[in-house]
Amino acid sequence: MERQPSPGNIASVLIVGGGTAGWMVAAALGHKLKGTGIAVTLIESEAIGTVGVGEATVPHIRAFNASLGFDEAAFMAATNATFKLGIEFRNWGRIGDSYIHPFGAFGRPIGTAAFHHHWVRLRREGRVGAFDDYSLPVRMCREARFAHPSPDPGSLASTFSYAYQFDASLYAGFLRAQAEANGVTRLEGRVVDVEVDTRGHVAAITLDDGRRLAADLFVDCSGFRGLLIEGALQSGYQDWTHWLPCDRAWAVPCANVGPIGPYTRATALEAGWAWRIPLQHRAGNGHVFASAFVNEQNALDRLLGQLDSAPMAEPRQLRFTTGKRRRQWIGNTVAIGLAAGFLEPLESTSIHLIQLGIERLLDLFPTADWDPLDAAEFNRLMDAEYERVRDFIVLHYCATQRDDTSFWNHVRTMTLPDTLQTKMALFRECGVVVKYRDGMFLEPSWLAVYLGQNILPHAVDPFAAEHDIAAAEAAAATMLAEIAAAARCIPAHADALSRREMAA
């Protein structure tokens with residue numbers, strides 16, 4: 001049960017760093033702690049840039065926005081947001097392949113067996129098309145349509161969810177206004193020193209103008225540097241480059257061309273992949289690549305060569321090491337966002353991991369006695385989340401048949417985490433997707449990648465195998481017809497965006 005903060009707990013919280021992570025923390029704490037007497041302060045420096053290229057999200061962001069009382073239309077207008085129903089993956093299994101990982105279900109059970117078991121059986125006999133054809137949100141993506149899900153659980157239009165694609169810097173500003181309205185104080189300055197007491201707690205930070213700022217709880221949102229969690233407290237870092245070798249990215253915006261689709265695109269290239277994220281006012285583009293397999297200039301040229309239109313700004317480069325801190329909560333300091341770890345944005349998980357860190361911090365909000373069990377449980381939960389996201393991202397790379405470059409040969413043949421090996425072995429053997437309590441990617445997500453990248457199980461559910469195959473084929477055909485009919489009743493994504501703008 002969530003612990004309710006009170007003035008008897010701690011008196012002050014200091015957030016080090018702004019950007020999306022810092023202002024998400026500030027907005028959430030400002031809202032939650034309002035009226036408790038606990039002071040919340042955020043320190044940031046305009047001289048220090050933020051990453052600010054994570055513009056695509058997963059559906060969980062809607063719960064975060066709702067918890068802060070945000071009106072969807074106002075939020076979308078303020079951040080130039082578009083709706084997002086999934087991610088299209090091009091050239092991942094084989095060059096020329098394409099599939100969409102939607103925020104929604106595939107088909108429905110036939111008899112007592114899950115749909116994907118029947119689909120595998122029918123696919124082997126050439127009786128069905130692509131797996132993602134049996135998803136309404138996939139159809140909506142391909143036809144550039146959008147409507148909010150139906151509240152009727154019996155309706156096909158209730159079988160999906162949605163997220164947003166937005167300008168991260170504008171979102172940070174939107175959050176800042178909310179946070180300051182709830183009493184959060186923003187200070188301008190750059191941290192030059194961190195004091196650690198005999199308990200191993202951060203006692204205070206010193207700014208470049210000489211100010212000394214003390215607090216009870218510190219939240220490190222200082223980005224890759226991890227000024228507190230690593231620089232002062234030396235958490236240590238788990239490097240996952242051997243599973244996720246991409247360590248660089250170029251990012252550049254360009255103008256939208258054609259209809260704005262309600263989905264993000266990830267295109268596999270020779271030594272990494274490129275993203276395309278359509279916003280209302282532009283498209284965000286980037287190339288995530290492995291510097292061991294391609295040099296930076298060639299990677300930039302590859303990105304610029306595939307843009308839909310001329311660049312609207314100079315390209316920005318990011319350098320990173322995929323992995324996470326060994327401990328994200330030490331003493332009185334909690335790391336959230338890039339200070340806690342980094343997983344490349346292939347499945348739009350960066351903002352979600354910030355949100356999870358905030359939720360876990362609020363669930364385990366500390367008291368003045370600093371019970372070490374709070375930090376231990378936070379670290380256990382966040383370790384599990386990062387590792388499960390890691391496994392899902394690694395799956396995209398290793399579940400490939402590509403052998404056209406040394407990069408793809410490497411990721412196709414590399415040794416995998418034991419946890420992922422177990423998941424893949426179970427699915428390859430009998431089509432079972434491992435389920436777990438914690439972790440954001442549920443069965444439909446795993447099925448999208450397994451089957452979208454041509455991993456078919458050797459055997460299917462016996463109840464599917466015994467079902468009359470002609471009846472299963474007819475049921476699948478009925479599903480396709482129902483999806484097509486439902487899609488025809490859904491307005492264009494552009495019309496949905498126009499209604500949002502007018503409502504705002």
Side-chain angles (χ1 to χ4, degrees), residues 86-89 92-94 96-139 153 156 158-160 347 388 391-402 412 416-437 439-484 486:
I87 305 172
E88 180 189 24
F89 291 92
W92 285 82
R94 297 170 300 216
D97 284 356
S98 174
Y99 70 93
I100 292 177
H101 166 201
F103 301 139
F106 294 95
R108 58 175 176 265
I110 300 174
T112 58
F115 173 72
H116 74 276
H117 288 283
H118 292 281
W119 181 87
V120 169
R121 185 181 177 214
L122 292 166
R123 182 72 167 184
R124 292 194 187 282
E125 297 197 12
R127 298 191 182 205
V128 288
F131 184 64
D132 64 2
D133 288 344
Y134 297 87
S135 165
L136 177 59
V138 169
R139 184 78 175 236
L156 180 60
S158 71
T159 60
F160 67 92
E347 283 283 353
R388 285 165 179 163
D391 283 0
F392 189 58
I393 294 175
V394 172
L395 173 66
H396 295 67
Y397 287 103
C398 68
T400 185
Q401 297 82 57
R402 289 187 58 166
R412 180 173 48 81
L416 303 177
D418 292 343
T419 47
L420 179 57
Q421 287 189 51
T422 300
K423 294 182 182 80
M424 294 184 70
L426 189 60
F427 185 80
R428 279 195 167 110
E429 182 60 31
C430 56
V432 171
V433 176
V434 172
K435 296 180 174 65
Y436 37 73
R437 178 182 173 186
M440 63 175 293
F441 294 111
L442 303 179
E443 182 175 272
S445 296
W446 288 85
L447 290 173
V449 182
Y450 281 138
L451 300 177
Q453 294 188 203
N454 312 303
I455 296 183
L456 271 63
H458 302 307
V460 298
D461 186 322
F463 293 105
E466 293 174 2
H467 198 90
D468 180 75
I469 195 165
E473 183 179 12
T478 298
M479 292 179 207
L480 283 182
E482 291 173 348
I483 288 169

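Keep in mind it's a predicted model, so treat the numbers as computed, not measured.
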Should [X] and [Y] count as side-chain neighbours, where that means a heavy-atom distance under 4.5 Å?
X: R412; Y: R402; answer: no
X: K423; Y: Y450; answer: yes
X: L156; Y: T159; answer: yes

Between [atom1] of [X] and [atom2] of [Y], what distance do you get to the nearest 0.5 Å?
X: R139; Y: I100; atom1: CZ; atom2: CD1; value: 11.5 Å
X: L451; Y: H116; atom1: CG; atom2: NE2; value: 7.0 Å
X: I455; Y: T400; atom1: CD1; atom2: OG1; value: 9.5 Å
X: F427; Y: H458; atom1: CZ; atom2: NE2; value: 10.5 Å
X: L456; Y: W119; atom1: CG; atom2: CH2; value: 5.0 Å
X: S135; Y: F103; atom1: OG; atom2: CZ; value: 11.5 Å

Checklist entry - Do the ring planes of F115 and F131 sit parallel (below 30°), tilted (30 to 60°) or perpendicular (above 60°)? => result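 Parallel.
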
Checklist entry - Between W92 and Y397, how do the two ring planes meet: parallel, tilted or perpendicular, split at 30° and 60°? => result perpendicular

Next on the checklist: Set out, in order, the CA-CA distance, both residues' side-chain angles and the distance that settles ring-ring contact (aromatic ring centres under 6.0 Å, His included) for W446 and F441, then state yes or no.
Outcome noted: CA-CA 7 Å; W446 288 85; F441 294 111; 7.6 Å; no

Next on the checklist: Can a donor-acceptor pair be found, under 3.5 Å and without considering hydrogens, that links the side chain of Q453 to the backbone of H396?
Outcome noted: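 Yes.
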
Checklist entry - So, does H118 use its side chain to make a donor-acceptor pair with the main chain of I110 at under 3.5 Å? => result yes

Checklist entry - Going by the salt bridge (charged side-chain N to carboxylate O under 4.0 Å, His left out) test, which pairs reach into residues 105-124, not counting sequence neighbours? => result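 Applying salt bridge (charged side-chain N to carboxylate O under 4.0 Å, His left out) to every pair that reaches into residues 105-124, excluding sequence neighbours, yields R108-E482.
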
Item to check | The single option from L136, V138, D132 passing side-chain contact (heavy atoms from CB on, under 4.5 Å) against P102 | outcome: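 It is V138; the other options fail the test.
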
Item to check | Derivation and outcome, side chain to side chain donor-acceptor pair (under 3.5 Å), residues E347 and H101 | outcome: CA-CA 9 Å; E347 283 283 353; H101 166 201; 3.0 Å; yes

Checklist entry - What are the two closest non-hydrogen atoms of G104 and P137, and how far apart are they? => result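 Looks like CA-CG, 4.2 Å.
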
Checklist entry - How far apart are the closest heavy atoms of L122 and I469, and which atoms are they? => result CD2-CG1, 3.5 Å

Item to check | By side-chain contact (heavy atoms from CB on, under 4.5 Å) - contacts of D461 (at least two apart) | outcome: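 For D461 the side-chain contact (heavy atoms from CB on, under 4.5 Å) partners, ignoring immediate neighbours, are A113, H117, F463, A464.
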
Item to check | Partner residues of Q421 under the side-chain hydrogen bond (donor to acceptor under 3.5 Å, both in side chains) criterion, sequence neighbours left out | outcome: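 For Q421 there are no side-chain hydrogen bond (donor to acceptor under 3.5 Å, both in side chains) partners, ignoring immediate neighbours.
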
Checklist entry - Are E88 and S98 linked by a side-chain donor-acceptor pair shorter than 3.5 Å? => result yes

Item to check | ring-ring contact (aromatic ring centres under 6.0 Å, His included) assessment of Y99 paired with F89 | outcome: CA-CA 5 Å; Y99 70 93; F89 291 92; 5.3 Å; yes

